[in-house]
Structure formats: structure tokens, C-alpha cells
Amino acid sequence: MQGFQPRLLRCRRLALWGACSLQPTEKKLDFDGESYTETLAHVLKVDKLINKDITDGDYHKFMDMAFALASLGDAGRAVFMHCCSFYAGKQRYNLDKIFTDCKNKKRGTVTIATFIKMCADAGIDVSRPMQQNKKESLIELIAEKDDFNNLPVFPESVFNDLPPILDRFVNFYDTPAEKSMMLLAAITAISAVLPGVHVMYRHKRIEPNLFLYIFGKSGAGKGLLGDVKALLSVVEDVMEQNARKEMNTYKEELKRATTGKRGETELPDPPKIERLYLSGNNTSSNIIRDMNDNGGRGFIFDSEGDAFVYNSKTKDCYNISDDLRKAAHHEDIEMDRVGENKNEREHIRIKHPCLSMIISSTPSQMKNVFPNTENGFSARFNFFCMHQRPQWKDPYDETDEKSVYEVFYEEAKDIYCIYNKLKCLGKEGVKLTFTPEQRKHMVGFFSGLFYKNYMLYNGDFDGTMYRLGITQGRIAMVLTALRYHSVDDFDRTLSCSEADIARTLDIIDVLEQHSTYAFRILSTGSKNESNINNYPPQIKLMLALPDEFTSSEAVEIGKDLEINRNKVYKILNRFTEGIDGYAKLLEKYDHGRYKKIQKK
């Protein structure tokens, strides 16, 4: 027996060595020893079957559900939102904040197994999914993390102490998603009627005019966008009144000219009718003519994005995006056309065009508007994905005694007063300036965003980032213009408050996340799991990694995603070091151990 002991010990050592070999292991969760990827695949399978409130409207069960799904990290957010769509309790708003708080605080006694048991108790089939290969599981994980339901809305800090006109308008709406979308839409609409307000950006005069693209599923709430027209109703009414007067004068002069003796009276030229809205259902040449009649200004509002593009392509004109790309940066637009008489030519040149736009569509229609991201057209727009918990509201609410135009008529009059004053100032306009401290703060903020996206997208997103910088200045102009209590304040240089600087950066922080999501859709085709394979390797790896992981786990996940070992370590090192002290996405807190740096 004594001779047998060493051999037994050797066998035990070999067994122990085999169990502790250096083969990479996946992160374990407290659910029957499943790996993170296996557990998530199980939860996603169960989530597809949920069609009822698994909490029975009970607050304590609701919080247990939140903590359980938060144990998955951000991958559990979309599942939580789906479950909340059936929740019968009172916690229906600020769901993003509730989930984030649960993820940060955690509750030790609650695990993902708690969620599975709640589903089972509710009669949901919780059997495990058929075994997938690791790559399929990871692609499903990435698709879940990159779901549009995970995109944020504006934080409360954005809505606190807005300019009075915007505050009254935004508070007309109920949910955070509606408030966020309508604030963006209102700022964009008002940017069309602030002539002459400007900043100097890279030695160029930039006015407030913004391009906004809202996308979301049918029924998501995009139809509310039309309400922003109520804010411009008085400006539009005055323009129409002036147009009618000019047209009546023209008709009278034309009548006198045609009834007089031939040759004694020249026929008057038709008046240039100034309009607030330009039709998106138009050709490129007609839009240029309309802008020219408008003194180089205009506002395009179209709720059907693909119709806007299809109707802008005809045999006699090139893609309208060429002119819109120029208008976004106030670059001169020129057009030459043959007139009705072949010996005549029509030449139009619009200097410093000022155009604002709001377009909306479903995600699939968006691809028709932007066939690719290479020509820079999509980079001119601020994207916002409209998504919220579906619910049926009483459309015949008796408290709605007035139309939205009546509700905001006083705000529309105030906006007209500002517009009229700015028109009286002429081309010189009024300038907005920032203090050196504000500029330093903005440079630091944008440096972090710029370098982060430079690393993630290999420089392909740089154009959009530069234009987000312009967007911040334009939003600051609108907010500042609406702060002033008297039109006489526009007789001197404008200055932006510290609070509005912080507000604009909070807005940009959200727009950047929505814009990168839209960029991924437009760069890789319509959103589905197969196109995730076309994501840059560093994005796939970052989405697939859990919040904390080891280098061995990263290598194993990289292998399943067909990213070689050296590339994985290169990505880890780059994201740990950042660029020039900015954009550190990972923290190496121990030998071979990393955690993602979460936004504060």
C-alpha cells in the first residue's frame, strides 16, 4: 500500500493539473454552472416567449426582476424593457434609470435564476435552447447588446431649467422618449427662423440651421413630430399674408399692363414668394429655385423619408443630396439649366444657404435615404431613434379642449418677435461667443468622444464627429436666443450660460450614441444578426465581452469571433491606453484582469 500512495498522489496531481490547465474559461454566473454566453442565450430564448406580466403587478417582484436581469449587464436591458411593457404596476417611467441603478447596486440574493423562476411560475416555457455553436451564441449576444431599445434618452439634467418656450412645449408630452424627441424637433424647427444668429467655427460663419433624422418602428410615436409646426405658426401666417399682398399687387399691375396700349407698358415680373416650408416632394432644381426666392433660406419637414428621396430624382436633375450636403455647411449652391427657349439659360447662385430639415422614417426606409455612408450625406444629420414602451392612450381625452396650435399660440408669437427682430438686423446679424473656460471644457469633451470613435471605427466616423461639434454650437445658439427676455438684447453680442453649455454636451452625448447606431446600420446593411459579422473586430469584441473579464476569456471570445490572439491583445492594449489620455475604454486592475469603464 505504501508503494501505491505515490502513484495515487501522482494521479491526483495529474487530475488537478488537468482541472487547472491554462485553457481559457468563460465567466460563470450563478445559474447551474452555465457560462455567461449560455445563460444569455437561455434568457433570450425565454424572453421571446414572454407575453404577460410575470410580476403580477407586484413592486417587490418588479425590483427582483430588475436586479436579476441587471446581473447580465447591459445585455439584460432590452429584456427588462420588454418585460416592463406588460407590467401593470406604477413604475412605468424612468425604466432606463431603474435598470442602471440596479446594475450598479446589485442585490446579492437575486440572480438570473430568480428571473427564470419568475417566468416558470408565470407559465412561461423556460426549457433550455438547443445547443448553439459558440459563434452563433456570441452573435446573438452582440445583437442583444446592440439593440435599439438600449439607446438612451436625454437625462433629467437636459430638461431642468430649459428656456421658457421649450420648457412649456416639452412638458406637454408624457414619456422621456417623447420629451427627448420633441425637444430635438423644436430646437431644429426654431433653428430655421433665427436668421443672422451665428458663431465663428473654424473661421467660418455658422448659423443655427440643423438637420434632424428621426427613425423608429411604425407606431413608435414619430407622428408627434408634426406638433413642432405649431411653434412656427405665426411666422408662417405672416409670410402667407405678405405673399398674398405681393401676389395681389402683381395681378393688379399685370392687369393694367395688359389693358393698356401695346408697347406702352412693360409686363411686371412675377414676385418672389417667400415661404417658410419647402416641399421635400420636389426636384433638386425646384428646391434651389424655392430657396432662391426665399433669400437662400428654408425649412424642409417630411414624415416619409424614402418618398423625399425618390421624388428628388428625375431625369433632369442629379441626386438632391449634393445640394443638401452643401446647404448643411452654408456652401454656395449653383445651378445652370436650359430655359424654355433653348437659346436661354437659367443660372442661379445661392450664397450662404441656410436650410433646416426634419425627416422621419422607419429603420428600413432609412436605408433608401442613405444608400451608403461614403458620400457624407448621412453625416450631416443628427439621428435619434424613437422607441418607448407601447401603450394605448385615450385619444378622446376631454382635457384636450384646444388644438396644439391653440395651446402654443403665445409661444409662436414670441418666436415671431425674435424672428422679426433678427430680420431687421440684416446680414450682419448677432454673434454668439464662448468664454475661454467654456471652450476648454468643450475641447476636452469632444476629444474623448472623437478618439473613442476613432479607435472603434478606424476613422470612418470622423466626419460625423466633426459635425457633432458644429451641432453643439448650433444648439447653443438656439438655447441662448430663446433665453433673452427682450428683442433689444439682440443688439449686442450673445453669450451662452454655463448651464446651457452643460446641457448641449449632455444632448450631444446621447446623439453620439444614436448616430453611431445609425452608422452601423447604414454601413453594414439592414439591421440583422448576419450583418453583425461585418462590424469592425474591435466593436464585436467590445460588445461580446462581459463587464469584467480576463485576458484568457477575451482570447477565447475573440477566437469564437474569428479574431486572432494578437489582434485581441492589440485591441485590449489600445482600449486600456486610449489616445493622448482620452478615450480609455478598459481598466486593467490586476494581472490579466480587465473591466469596462462605465460612463458616470
Would Ile273 and Met247 count as a side-chain contact (heavy atoms from CB on, under 4.5 Å) here? Give the steps. CA-CA 8 Å; Ile273 302 300; Met247 185 55 69; 4.1 Å; yes

Would you sort out whether Tyr173 and Asp227 count as a side chain to side chain donor-acceptor pair (under 3.5 Å), showing the intermediate values? CA-CA 11 Å; Tyr173 302 94; Asp227 291 357; 2.7 Å; yes

For Asp290 and Asn294, run side chain to side chain donor-acceptor pair (under 3.5 Å): C-alpha distance rounded to whole Å, both residues' side-chain angles, the deciding distance at 0.1 Å, then the answer. CA-CA 6 Å; Asp290 289 343; Asn294 268 14; over 6 Å; no

Go through the steps for Lys452 and Glu512 under the test salt bridge (charged side-chain N to carboxylate O under 4.0 Å, His left out), then give the verdict. CA-CA 11 Å; Lys452 179 193 78 171; Glu512 180 263 347; 2.9 Å; yes

One pair to check against salt bridge (charged side-chain N to carboxylate O under 4.0 Å, His left out): Glu274 and Lys423. What are the steps and the verdict? CA-CA 13 Å; Glu274 186 178 9; Lys423 282 204 73 176; 3.6 Å; yes

Leu267/Thr258 under side-chain contact (heavy atoms from CB on, under 4.5 Å): CA gap, chis, key distance, verdict: CA-CA 7 Å; Leu267 295 179; Thr258 54; 4.0 Å; yes

Step by step, would you call Glu410 with Lys413 a salt bridge (charged side-chain N to carboxylate O under 4.0 Å, His left out)? CA-CA 5 Å; Glu410 293 301 319; Lys413 288 198 296 185; 3.3 Å; yes

Tyr213 vs Ser361, test: side chain to side chain donor-acceptor pair (under 3.5 Å). Steps then yes/no. CA-CA 8 Å; Tyr213 200 104; Ser361 76; 2.5 Å; yes

Criterion side-chain contact (heavy atoms from CB on, under 4.5 Å) on Thr433 and Leu494, from CA distance to verdict: CA-CA 6 Å; Thr433 61; Leu494 307 180; over 6 Å; no

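By the 30° and 60° cut-offs, the orientation of the rings of Tyr484 relative to Phe490 is tilted. Between His330 and His352, the ring planes lie parallel to each other; the angle is under 30°, not in the 30° to 60° tilted range. Ring pair Phe384/Phe154 is tilted by interplanar angle, where 30° to 60° counts as tilted.
Ring centroid separation for the pair Tyr466 and Phe450 comes in under the 6.0 Å cut-off. In this structure, Phe301 has its ring center at least 6.0 angstrom away from the ring center of Tyr277. The aromatic ring centroids of Tyr517 and Phe383 lie 6.0 Å or more from each other. For Phe408 and Phe169, the ring centers sit closer than 6.0 Å to each other.
Going from atom CG of Leu224 over to atom CE of Met182 covers 5.5 Å, rounded to the nearest 0.5 Å. Taking CD1 of Ile539 as the reference point, atom CG of Asn458 lies at 8.0 Å (rounded to 0.5 Å). For the atom pair CZ (Arg380) and CZ (Phe370), the distance works out to 11.0 Å, reported to the nearest 0.5 Å. Atom SG of Cys496 is separated from atom CD1 of Ile501 by 4.0 Å, given to the nearest 0.5 angstrom. Taking CG of Leu184 as the start and CG of Leu225 as the end, the distance is 10.0 Å to the nearest 0.5 Å. For the atom pair CE of Met386 and NE2 of His514, the computed distance is 10.5 Å after rounding to the nearest 0.5 Å.
A salt bridge does not link Asp332 to Lys326: none of the charged nitrogens lies less than 4.0 Å from a carboxylate oxygen. The pair Lys440-Glu437 does not count as a salt bridge, with every side-chain nitrogen at least 4.0 angstrom from each carboxylate oxygen. A salt bridge links Glu207 to Arg297: at least one charged side-chain nitrogen sits closer than 4.0 Å to a carboxylate oxygen. Salt bridge annotation for Lys179-Asp174: absent, with no cationic side-chain nitrogen under 4.0 angstrom from a carboxylate oxygen. The existence of a salt bridge linking Asp506 and Arg503 is excluded, since no basic side-chain nitrogen approaches an acidic carboxylate oxygen closer than 4.0 Å.
Between Ile287 and Asp323 the shortest side-chain heavy-atom distance does not fall below 4.5 Å. Side chains of Phe519 and Asp460 form a contact here, defined as non-hydrogen atoms less than 4.5 Å apart. You'll find the side chain of Met357 reaches within 4.5 Å of the side chain of Leu324, heavy atoms only. At a threshold of 4.5 Å between non-hydrogen side-chain atoms, the residues Leu162 and Leu183 count as touching. Within the 4.5 Å cutoff, side-chain heavy atoms of Arg168 are placed close to those of Pro164. Looking only at side-chain heavy atoms (C-beta outward), Phe215 and Ile359 stay at 4.5 Å or farther from each other. Here the side chains of Gln472 and Phe446 are in contact, with some heavy-atom distance below 4.5 Å. When side chains are defined from C-beta on, Ile470 counts as touching Ile206, because their heavy atoms get closer than 4.5 Å.
Proximity of a side-chain donor or acceptor of His198 to a complementary backbone N or O of Gly196 within less than 3.5 Å is detected. The backbone N or O of Ser403 lies less than 3.5 Å from a partner atom in the side chain of Glu406, making a donor-acceptor pair. For the pair Asn453 (side chain) and Leu449 (backbone), a donor-acceptor distance under 3.5 Å is present. Of the possible donor and acceptor atoms, one in the side chain of His387 sits under 3.5 Å from a partner among the backbone N and O of Leu151. Using modelled atom types, no side-chain atom of Asn292 and backbone atom of Ile348 make a donor-acceptor pair closer than 3.5 Å. Side chain of Gln438 to main chain of Thr435: a donor-acceptor pair is present (N/O by atom type, distance under 3.5 Å, no hydrogens or angles).
With 3.5 Å as the limit, one finds no donor-acceptor pair spanning the side chains of Tyr416 and Ser233. Residues Asp147 and Asn149 bring a donor and an acceptor atom of their side chains to less than 3.5 Å of each other. Side chain to side chain, Arg289 and Asn286 meet the donor-acceptor criterion of an N or O pair below 3.5 Å. For the residue pair Glu246 / Thr249, no side-chain donor-acceptor distance below 3.5 Å is found, with atom types taken as modelled. For the 3.5 Å distance criterion, the side chains of Ser191 and Asn209 fail to qualify, holding no donor opposite an acceptor.
Sparse packing is recorded around CG of Asp269, with 12 or fewer heavy atoms of other residues, nucleotides or ligands lying under 6.0 Å away. More than 12 non-hydrogen atoms from other residues, nucleotides or ligands lie less than 6.0 angstrom from NZ of Lys421. Around OH of Tyr454, the count of heavy atoms belonging to other residues, nucleotides or ligands within 6.0 Å does not exceed 12. Heavy atoms of other residues, nucleotides or ligands lying less than 6.0 angstrom from CD of Glu331 number more than 12.
Nearest heavy-atom pair, Phe148 versus Lys217, reported as atom, atom and distance to 0.1 Å: CZ-CE, 3.5 Å. Taking all atoms of both residues into account, the shortest heavy-atom contact from Thr471 to Ile508 is CG2-CD1, 3.8 Å. The two residues Gly296 and Ile350 have their closest heavy-atom pair at CA-CG2, 3.7 Å.
With Val430 as the fixed residue, the side-chain contact (heavy atoms from CB on, under 4.5 Å) test singles out one of Thr480, Leu422, Asp489, Leu194: Leu422.
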